[in-house]
Q: 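What follows is a single structure, and I will ask about it in a moment.
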Amino acid sequence: MATVFEMIINGDIPSVKLYEDDECIVILDINPVSKGHALVISRRCYPTFTDVPMETLSHMMEIARKVDSRQREVLGAEGTNIMINNSPASGQEVPHLHIHVIPRFPGDGKTPAFPKEKYSDGEIGEYGEKLRI
Ligand code: AMP
């Protein structure tokens, strides 16, 4: 079944589009974390960050940086969260690769985004051993 983003790309449902090229489109998120929250969406449907070719991802990051600049210029954002939810366990709702670009303002009350955990004694080293690439 087509994802909601495929339907948007195919013109089957409306969106507010900020940019498009051969690799990706940028739209406004319909339920923004803050107004102006944008999504850089790959034209081809790669379900996750793990699936997308590096060249496409790299291009999408370049476009995300342009969106960041525009949000700073036009909205006066003093920061942005650039975020990819990668697979359902991370909170990804739409299985079609997209980068969130969320405008942020001092004192906007939207942090901390994640509650933090604590390592027990020695545990951080064990994680380091297991995860070293
Ligand atoms: P994620 O949880 O990372 O998969 O994010 C999916 C995002 O898509 C959410 O922030 C939704 O608010 C957004 N979204 C879902 N449907 C639409 C739509 N029709 N137009 C714009 N944004 C949408």
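Each ligand, and each atom within it, is numbered from 1 in the order the structure gives. As the structure is a computational prediction, the values presented were derived from the model and not from experiment.
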Q: If the threshold is 4.0 Å, N to carboxylate O, is there a salt bridge linking R65 and E62?
A: no
Q: Can R43 and E20 be counted as an ion pair, charged N to O under 4.0 angstrom?
A: yes
Q: Main chain of A89, side chain of S87: is a donor-acceptor contact present, judged purely on distance under 3.5 Å?
A: no
Q: Heavy atoms under 4.0 Å from ligand 1: which residues qualify?
A: V4, F5, I8, I27, L28, D29, I30, N31, L39, N85, G91, Q92, E93, V94, H98, H100
Q: Would a 4.5 Å heavy-atom cut-off, applied to side chains only, mark M61 and I82 as touching?
A: yes
Q: Heavy atoms, side chains only, cut-off 4.5 Å: are E6 and H96 in contact?
A: yes
Q: Listed by chain and number, what are the ring-ring contact (aromatic ring centres under 6.0 Å, His included) partners of H100, not counting sequence neighbours?
A: H37, H98
